[in-house]
Amino acid sequence: MTEAVPNAASAAVSVSLRIIPREQHTISRKNISAGALRVLYRLNEAGFSAFLVGGAVRDLLLGGRPKDFDVATNATPEDVKRLFRNCRLIGRRFRLAHVVFGNEIVEVATFRGSSDDGSGDRHVVDGRIVRDNVYGTIEEDAVRRDFTVNALYYDIADFSVRDYVGGYEDLQRRELRLIGDPVQRYREDPVRMLRAVRLAAKLDFRIADDARAPFDELGELLLQAPPARLFDESLKMFMAGSGLKSFRALDASGLLADVYPLTARALAIRSGGTFRAMIEQGMANTDARVVEGKPVTPAFLFAILLWGPVRAQVEKEIARGTDMNLAWIRIGHLVMNEQSKHVAIPRRFAIVIQEIWSLQPRFEQTQKKRVFRLLAHPRFRAAYDFLLLRAGEGTEIAAIGERWTRAQGASHDELAAQLNTAAVPVAVAPVAADESGAVATAPKKRPRRRRKRTAATPTSAE
Ligand code: ATP
Ligand code: MG
């Protein structure tokens, strides 16, 4: 999804081809998806050259299982379209072909050039390439890629791996090295800094010294990076099974402040340790779910990442005399809006995030009516999971969490009886929402109205 940005600076990079023959590397066709193989073979049979390229080759060589397979070829997108019925042409900046097999999409890109001889369609603004449609040779295609280990080509014609920039050796040394001059490559596309951190964390690679050195000086260029790309990269960092490692690496790199400035600031204050522990626990839980193949929602993770700033600001707002409910909603909007300048968090997630936050103070309520109402809330489960993650904030929060946990075991009648006498909730499972006659029968008045309004208000975010 992340759009690769070609590179003018690397045009100066000298290339020398090394061919690693089939018997000297570990890529086996049985680990390549059926769709990708079909695309490669058909292109090849039609007389075009066809290579598997990028992350897939890298991950296959490392013994991993790539999620998606990218193909590079000298066939134009129109050629590809003619060869495959199941083909869509996409992309504004650079035309790509998507060949669709059931739920697999194989991305086929024509070799991208790096020389601007006026024959193509290239636009450079302040050193950044904003549009590019120049086709080129495989050598040019290799040098416009970001890291050497991302520029390896698996040739379907003889099953060899072709290396133009020393990527094979770097892969064996487990090092991320930029192709060309790091400063220039980062200036062209600052997101490459984030990719360095993410890939190093995911692959357990080190970032070459000269690739890390510019972070301090150039990191702030990320403040201006397209929010949609930063959202894509965020998902890849935090939702792909190595979230904890990515978060730690991002924090240690100093780049966290350029993508999640509010988070970085909240980590730096006195209560930052508790906040950091909460983020790390949330990341670890998410990683475990990803590994087990369970569903995960980005909303929950973003709610965690921004919790520190929200909590601190809500406290101030309430101290200033703002009504509690209003303070939660107002600060929720504020923080989301601020973060959205950097990372384009889609609205459907923003709504859930703000709900998770604004439900937090409601866990402190002990009135029977309110307890049942909270249990019936469609976001109860997410908000409750979030509450448990907050246990480190203090014994009081931890105790509240435990009360709601114990409660999940109790029957509806037990809970109702306890709430009539006790001052603390010992709630039933949220499943009871269905039989929530309890929720409906309790109040004769209509406070529900007000609740609807508060629940709906976050939609006006942004
Ligand atoms: P992942 O396994 O996380 O998908 P990836 O390396 O495959 O990692 P993609 O975003 O899928 O990352 O990109 C595919 C390939 O496109 C990369 O391997 C690299 O060759 C090239 N590429 C991607 N982004 C850039 C960029 N910003 N600048 C230059 N080349 C890029
Ligand atoms: Mg990829």
Side-chain angles (χ1 to χ4, degrees), residues 1-11 13 32-33 36 51-72 91 93-94 96 98 104-114 127-130 132 136 138-154 161-165 167-168 170-171 176-182 184-205 211 218 221-222 225-226 228-243 245-246 249 290:
M1 261 205 298
T2 315
E3 197 161 340
V5 179
N7 160 40
S10 54
V13 172
I32 302 174
S33 74
F51 303 87
L52 207 58
V53 68
V57 179
R58 179 197 69 212
D59 291 351
L60 285 169
L61 285 170
L62 292 168
R65 291 200 152 267
K67 297 171 273 60
D68 38 46
F69 292 86
D70 296 338
V71 168
R93 195 164 62 181
F94 192 83
L96 294 170
H98 274 180
E104 184 189 0
I105 297 177
V106 180
E107 191 168 290
V108 185
T110 307
F111 295 141
R112 203 175 299 192
S114 55
R128 279 178 305 123
I129 294 161
V130 292
D132 185 285
I138 187 169
E139 290 85 356
E140 288 171 310
D141 189 80
V143 298
R144 61 92 185 167
R145 293 178 184 274
D146 47 5
F147 303 99
T148 61
V149 296
N150 283 348
L152 294 166
Y153 295 74
Y154 173 80
V161 170
R162 290 169 164 246
D163 176 8
Y164 295 88
V165 290
Y168 196 74
D170 288 337
L171 187 115
L176 283 177
R177 201 160 51 82
L178 274 168
I179 301 168
D181 172 46
Q184 213 164 347
R185 302 297 323 264
Y186 289 148
R187 283 198 186 281
E188 281 172 358
D189 180 11
V191 177
R192 287 171 182 151
M193 287 182 272
L194 213 51
R195 287 177 55 82
V197 170
R198 171 171 77 76
L199 290 172
K202 163 181 157 169
L203 305 169
D204 266 322
F205 274 34
L218 301 182
L221 294 177
L222 280 167
R229 287 187 67 202
L230 294 183
F231 176 71
D232 285 351
E233 282 296 324
S234 293
L235 292 189
K236 286 189 166 196
M237 276 192 288
F238 304 135
M239 308 285 294
S242 39
K245 280 198 282 181
S246 296
V290 171

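As the structure lists them, so they are numbered: ligands from 1, and atoms in each ligand from 1.
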Worksheet item: Can you tell if the side chain of E233 reaches within under 4.5 Å of the side chain of V191, non-hydrogen atoms only?
Response: yes
Fill in: Ligand-side contact atoms (ligand 1) for residue partner R145, heavy atom cut-off under 4.0 Å
15 (C), 16 (O), 19 (C), 20 (O), 21 (C), 29 (C), 30 (N)
Discussion item. Please compare R185, R198, R112 and report which has the shortest non-hydrogen distance to atom 3 (O) of ligand 1.
Written reply: R198
Practice prompt. Output yes when the distance from some N or O of ligand 1 to some N or O of D68 is under 3.5 Å, and no in every other case.
Written response: no
Discussion item. With salt bridge (charged side-chain N to carboxylate O under 4.0 Å, His left out) as the criterion, how do K67 and D59 come out once you've worked through the C-alpha distance, each side chain's angles and the decisive distance to 0.1 Å?
Written reply: CA-CA 9 Å; K67 297 171 273 60; D59 291 351; 5.9 Å; no
Item to complete: Out of R195, R192, R229, indicate the one that has the non-hydrogen atom closest to atom 23 (C) of ligand 1.
Response: R195
Practice prompt. Heavy-atom contacts with D70 under 4.0 Å: which atoms of ligand 1 show up? List them by number with element.
Written response: 14 (C)
Fill in: Candidate pair R58 and D170, rule salt bridge (charged side-chain N to carboxylate O under 4.0 Å, His left out), full reasoning
CA-CA 11 Å; R58 179 197 69 212; D170 288 337; over 6 Å; no
Worksheet entry | Proximity winner for atom 27 (N) of ligand 1, if only heavy atoms of L194, V191, D189 are counted | D189
Fill in: Under 4.0 Å to a heavy atom of G54 - the qualifying atoms of ligand 1, by number
18 (O)
Discussion item. Side chain, backbone, both or neither: which applies to D59 and ligand 1 if a contact is any heavy-atom pair less than 4.0 Å apart?
Written reply: side chain
Fill in: Ring geometry between F51 and F111 (parallel below 30°, tilted from 30 to 60°, perpendicular above 60°)
tilted
Worksheet, complete the sentence: Heavy-atom nearest pair, L171 first then F205, reads O-CZ, 3.9 Å
Worksheet item: Of V57, L178, N150, which has the heavy atom at the shortest distance from atom 18 (O) of ligand 1?
Response: N150
Worksheet item: What atoms of ligand 1 come within less than 4.0 Å of a heavy atom belonging to R144?
Response: 29 (C), 30 (N)
Item to complete: Using a strict cut-off of 4.0 Å, indicate which atoms of ligand 1 neighbour a heavy atom of K236.
Response: 1 (P), 3 (O), 4 (O), 9 (P), 10 (O), 11 (O), 12 (O)
Discussion item. Heavy-atom contact check, 4.0 Å cutoff: does R58 meet ligand 1?
Written reply: yes
Worksheet item: Has the side chain of D163 got a donor or acceptor atom that lies under 3.5 Å from a matching backbone atom of Y168?
Response: yes
Worksheet item: Does the R185 side chain pair with the main chain of R145, one donor and one acceptor, at a distance under 3.5 Å?
Response: yes
Practice prompt. Check the side chains of D141 and Y153 for a donor-acceptor pair under 3.5 angstrom, ignoring hydrogens and angles.
Written response: yes
Fill in: Sidechain-backbone polar pair: S33 side chain, A36 backbone, donor-acceptor under 3.5 Å
yes
Practice prompt. For K202, take its heavy atoms, then give the atoms of ligand 1 lying under 4.0 Å from any of them.
Written response: 1 (P), 2 (O), 3 (O)
Discussion item. Below 3.5 Å, N or O to N or O, backbone or side chain included: is there any such pair between G55 and ligand 1?
Written reply: yes
